[in-house]
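Remarks on the structure that follows.
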Amino acid sequence: MTEEKKTIKKDPESPLIILPDPKELIVSTSPHLHNGGSVKKIMYIVILALLPSCAAGVYFFGIDALRVLLLCTIFCVALEVIWCKCAGKKQTWSDGSAIITGLLLGMNLSAGVPWWLCLVGAMLAIILGKQLFGGLGYNPFNPALVARVGLLIGFPKLMTTWVVPKKFSYMMNPDAGFVNTDQLEKLKSVGESIIPFNANIEGLTCATPLSIAKGADSFQHITSPEAIQNYFWGNVGGCIGETSVAFLLLGAVILLAFKLIRWQVPLAYIGTVAIITFILNKVDPSLTPGPIFHIVAGGLVIGAFFMATDMVTSPMTKKGAFIFGIGCGIITTAIRIWGSYPEGVSFSILFMNALTPLIDRYSGGKPFGYIKKKKN
Amino acid sequence: MSCNNHIFFKGGVHPNEGKELSCSNAIQDAPLLDKYTVILHQHIGAPPKLIVQKGDEVKKGQLLAEAGGFVSAPVHSPTSGTVSAMLEISGPMGLKMSAVEITSDGKDEWKLPFNKIEEWDSAEPKDLKQRVADAGIVGMGGAAFPTSVKLSPPSGKKIDTLILNGAECEPYLTADHRVMLESSDAVLEGAAILAKILDVKNIYIGIENNKPDAIETLSRKAGHYGIKVQQLRVRYPQGAEKQLIYALTGRKVPAGGLPMDVGCVVQNISTAVPVKEAVVDAKPLIERVTTVTGESVVNPGNWRFRLGTPVSKALELAGGVKYQPGKVILGGPMMGFSQKNLDATIMKNTSGLLLLDKDDVSQFSSESCIRCGKCVDACPMNLLPGTLSVAAENEVWDIAEDYFVMDCMECGCCSYVCPAHRPLVQHFKRAKAEINAKRKR
């Protein structure tokens with residue numbers, strides 16, 4: 001543009017008045033201004049917000065976590081490129097949405113999964129979850145969650161085998177239930193810290209706090225202050241990206257600062273889980289641990305800030321976002337306490353995704369000065 | 001003087017104001033041109049009937065075309081001279097429009113078509129209203145709805161409030177601002193005349209608080225006329241009729257309704273000046289203040305142009321351009337019309353002539369909606385623009401109607417914030433036209 005400005009810049013000596021050349025005028029409908037935002041910018045800020053918790057995952061689960069994250073991202077982008085090529089569509093991978101799907105998928109897997117599971121997950125996410133519906137903007141379900149749930153149902157063993165985190169010493173209490181006696185022996189031989197290592201080779205696995213809570217009579221060990229503190233920083237068995245609440249919140253601050261997510265979703269989601277578990281824990285302490293455990297253990301924080309807030313699959317209105325969050329919270333708690341899976345975040349978000357059009361229809365869009373029409 | 005911060009409409013956007021380019025430049029009278037091309041149909045409603053012929057001699061202020069119905073407005077000659085041609089020129093919206101070419105005789109001789117009503121306070125309201133109609137006064141803010149019609153509410157509607165819209169919420173435009181500063185007496189007297197016609201005691205002038213000098217000037221003198229000057233928060237579209245009424249009175253115009261449904265009449269602040277001139281000075285509406293601005297304009301400013309001044313001549317007055325702009329717009333950047341050439345002429349509702357740089361011009365694409373909801377937050381009418389645009393894209397007009405597309409006022413906030421650069425307003429304009437056509441059938 002600056003070139004053009006120069007080419008007809010008038011000679012200051014000349015008295016000639018230059019008028020615009022009508023042939024070069026752009027004609028379009030109003031408005032003629034734009035705030036400069038773009039889909040690409042949104043997506044790359046989201047990627048930036050995901051990186052802290054990815055880094056935390058790599059720190060706690062080692063080089064294997066990096067391998068899984070990279071594989072998922074590369075597979076997702078590659079599949080998007082291949083799909084667009086085959087379908088004869090404009091290439092869309094550079095908008096960043098496939099990178100987000102890949103990262104989220106990786107963050108939702110254990111660091112110990114084999115490469116082919118990443119590929120199957122990427123296929124489920126990009127092809128089944130997104131492109132079959134028409135690509136970005138048209139998918140009714142969060143693609144990364146479609147993949148996670150698909151894999152969980154198809155490969156339950158691989159999807160629930162968890163790598164031992166870097167600083168496992170607090171898990172060594174045999175009564176706590178994090179590791180069984182075989183693993184305990186192995187861990188003792190490893191020493192203090194086990195990074196970097198290859199989970200597949202070492203065969204070191206542990207249980208997640210939520211799976212221990214499922215069917216436990218007492219939650220004393222898994223809700224000890226030391227354990228809660230470790231969960232908060234991410235030093236606990238689980239998916240690569242879900243464990244570090246601290247770094248997820250760092251990313252959440254980025255999302256909120258750029259107004260890329262509706263705060264109503266995480267607030268309503270986490271709030272609902274907290275309130276229900278608080279009440280249930282007070283009524284019957286042996287039924288479920290208290291709210292703090294439910295927030296920091298498991299995938300609630302990543303779900304509430306990064307998955308439930310997915311623009312495409314969550315409601316567009318503020319009121320709708322609130323309803324959406326409450327629905328997610330109720331279903332998550334119900335599955336965690338009474339369901340057959342220890343974790344309910346993925347299922348609850350997918351279920352509420354399906355309700356999103358309905359929520360949008362009835363939660364907003366009543367125009368300024370709306371008067372209810374009388375039925376004839 | 002209080003800022004009505006407690007009542008505030010939802011949504012809206014904050015574009016870069018760009019008013020600093022021209023807001024401190026006093027209004028200049030545009031010099032007399034050799035030729036004026038006066039478009040006949042300058043208002044909403046029935047086209048006026050031409051009453052002059054080619055070759056006729058006309059005086060300044062002489063009737064060229066008379067009102068063609070109740071909702072219509074006459075057009076007067078901008079100067080003295082000869083009717084030299086009957087033309088079809090492309091108007092601001094790109095459609096061909098009939099126009100009369102007046103070749104000036106250089107004398108600029110008035111022939112006042114009316115008598116002066118200096119003692120308007122004791123005049124009959126209906127005579128004053130007739131004068132407003134005869135002077136060809138229409139809403140000068142953009143819609144160009146004949147003012148006299150707005151002053152004639154049906155018998156069932158009780159009007160108790162007159163609002164003068166000095167918000168000037170469109171970025172870049174400063175014409176109303178300068179008029180309020182430099183013609184404050186005429187503005188206030190015109191407002192008082194309008195209130196007299198309507199027989200109302202509540203008179204508000206709403207001004208966005210980015211114009212503190214105008215607020216100060218007007219509120220100093222407004223007390224004499226019993227007029228209340230109110231500050232408004234700066235946010236586009238603060239000057240939209242329904243949002244303005246809500247901010248000033250707390251009343252909500254019902255969807256699909258008009259301001260008179262809540263007892264209000266809204267007039268643009270610049271409309272008050274010709275009302276005063278028509279009544280007190282017996283002058284018809286033949287000129288208006290227009291902002292000529294843009295980064296590429298050599299000398300941006302505000303001019304008092306005769307109606308019928310070609311866009312090219314107006315630009316020459318502002319020194320032309322420093323470089324090729326991306327768009328030439330009649331009106332403001334949010335709701336104005338981009339021009340395909342410089343043939344259109346200044347009309348009664350031309351508040352601005354804006355040149356936008358290529359880098360600033362929004363480019364639309366048909367990327368798919370990612371449902372981010374930014375348009376929902378920005379929509380001052382509380383609609384779901386994203387959902388609506390998908391319905392319009394797929395031409396399912398009944399769904400668009402179900403989602404209240406008819407309440408859209410085309411303010412452009414949604415398109416302004418859309419990260420997918422979707423042409424939302426264009427979709428809604430089309431949907432509204434389709435639905436209106438269907439309703440007529």
Side-chain angles (χ1 to χ4, degrees), chain A residues 1-2 4-10 16-43 95 97 134-138 259-260 262 310-318 320-321 356-357 360-361 364-371, chain B residues 13 15 171 242 252-255 257 312 315-316 319-329 333-342 355-356 358-362 364 367-373 376 380-384 386-387 403-404 407 412 415-417 419-421 423 425-426 429:
Chain A
M1 297 299 147
T2 36
E4 220 143 348
K5 279 177 191 173
K6 274 175 202 154
T7 51
I8 64 159
K9 190 140 197 172
K10 81 168 186 186
L16 193 72
I17 289 174
I18 302 169
L19 290 180
D21 180 1
K23 277 185 237 109
E24 284 188 38
L25 291 182
I26 303 162
V27 179
S28 81
T29 186
S30 61
H32 307 290
L33 294 176
H34 193 274
N35 70 357
S38 73
V39 173
K40 213 172 182 163
K41 273 188 202 166
I42 292 177
M43 296 298 173
D95 66 20
S97 65
L136 179 66
Y138 297 103
K259 293 189 178 162
L260 295 186
R262 291 209 183 281
D310 172 32
M311 289 171 171
V312 178
T313 56
S314 65
M316 289 201 285
T317 64
K318 290 183 183 129
T356 292
D360 260 346
R361 181 79 178 94
K366 289 286 177 288
F368 182 92
Y370 176 73
I371 319 160
Chain B
V13 293
K242 291 179 176 184
K252 278 191 172 184
V253 178
S312 51
L315 268 177
E316 277 175 19
V321 293
K322 291 180 259 186
Y323 48 85
Q324 175 70 26
K327 268 184 186 176
V328 173
I329 295 158
M334 296 301 282
M335 289 185 82
F337 298 98
S338 63
Q339 304 294 302
K340 64 175 191 279
N341 53 40
L342 307 177
L355 274 59
L356 282 182
K358 280 181 187 159
D359 309 11
D360 295 340
V361 166
S362 56
F364 295 116
E367 272 181 64
S368 53
C369 170
I370 58 164
R371 296 174 39 84
C372 64
V376 179
M381 294 305 287
N382 203 23
L383 308 178
L384 298 174
T387 312
Y403 278 90
F404 310 103
D407 287 297
S415 306
Y416 176 78
V417 298
H421 296 257
V425 172
Q426 189 173 346
K429 284 184 177 182

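Residue numbering restarts at 1 for every chain, and letters A, B, ... go by the order of the sequence lines. These figures come from a predicted structure and were not determined experimentally.
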Using a cut-off of under 4.5 Å for heavy-atom pairs, which of [options] has the most such pairs with chain A?
| options | answer |
| --- | --- |
| B:G326, B:C369, B:G320, B:A420 | B:G326 |
| B:V376, B:V361, B:T387 | B:V376 |
| B:P171, B:S312, B:P15, B:G336 | B:G336 |
| B:K252, B:K242, B:Q426, B:M334 | B:M334 |
| B:Q339, B:K327, B:E316 | B:K327 |
| B:P419, B:C372, B:G373 | B:P419 |

Quiz item: Backbone N or O of A:L136 within a donor-acceptor pair of the B:S368 side chain at under 3.5 Å?
Solution: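 Yes; at least one donor-acceptor contact below 3.5 Å.
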Quiz item: Backbone N or O of B:H421 within a donor-acceptor pair of the A:H34 side chain at under 3.5 Å?
Solution: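 No; judged by distance alone, with no hydrogens or angles, the pair does not exist.
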Given side chains that start at C-beta, do those of [X] and [Y] come closer than 4.5 Å, heavy atoms only?
| X | Y | answer |
| --- | --- | --- |
| A:L25 | B:Q324 | yes |
| A:S38 | B:E367 | no |
| B:S338 | A:I26 | no |
| A:S30 | B:K429 | yes |

At a heavy-atom separation under 4.5 Å, does [X] approach chain B through its side chain, its backbone, both, or neither?
| X | value |
| --- | --- |
| A:K318 | side chain |
| A:T356 | side chain |
| A:P357 | neither |

What part of [X] is in contact with chain A, defined as an atom under 4.5 angstrom from a non-hydrogen atom: side chain, backbone, both or neither?
| X | result |
| --- | --- |
| B:V253 | backbone |
| B:P380 | backbone |
| B:D407 | side chain |
| B:I370 | both |

On a heavy-atom basis, which atom in [X] and which in [Y] lie closest, and how many Å separate them?
| X | Y | result |
| --- | --- | --- |
| B:L315 | A:P20 | CD1-CD, 3.7 Å |
| B:N341 | A:P22 | CA-CB, 3.9 Å |
| B:Y416 | A:L33 | CD1-O, 3.5 Å |

Exercise. Establish, for the pair B:R371 and A:Y138, whether the NZ or CZ atom is under 6.0 angstrom from the six-membered ring centre and no further than 45 degrees off its axis.
Key: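 Cation-pi check for B:R371 and A:Y138: fails.
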Pairwise distance [atom1]([X]) to [atom2]([Y]) - rounded to 0.5 angstrom:
| X | Y | atom1 | atom2 | value |
| --- | --- | --- | --- | --- |
| B:S415 | A:N35 | OG | CG | 11.0 Å |
| B:M335 | A:H32 | CE | NE2 | 10.0 Å |
| B:L384 | A:R361 | CG | CZ | 9.0 Å |

Practice problem: Against chain B, work out which of A:R262, A:K23, A:M316 has the most heavy-atom pairs shorter than 4.5 Å and name it. | Solution: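 Highest number of heavy-atom pairs under 4.5 Å: A:M316.
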Quiz item: According to the interplanar angle, ranging from 0 to 90°, do the rings of B:F404 and A:Y370 count as parallel (below 30°), tilted (30 to 60°) or perpendicular (above 60°)?
Solution: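 Because their plane-to-plane angle is over 60°, the rings of B:F404 and A:Y370 count as perpendicular.
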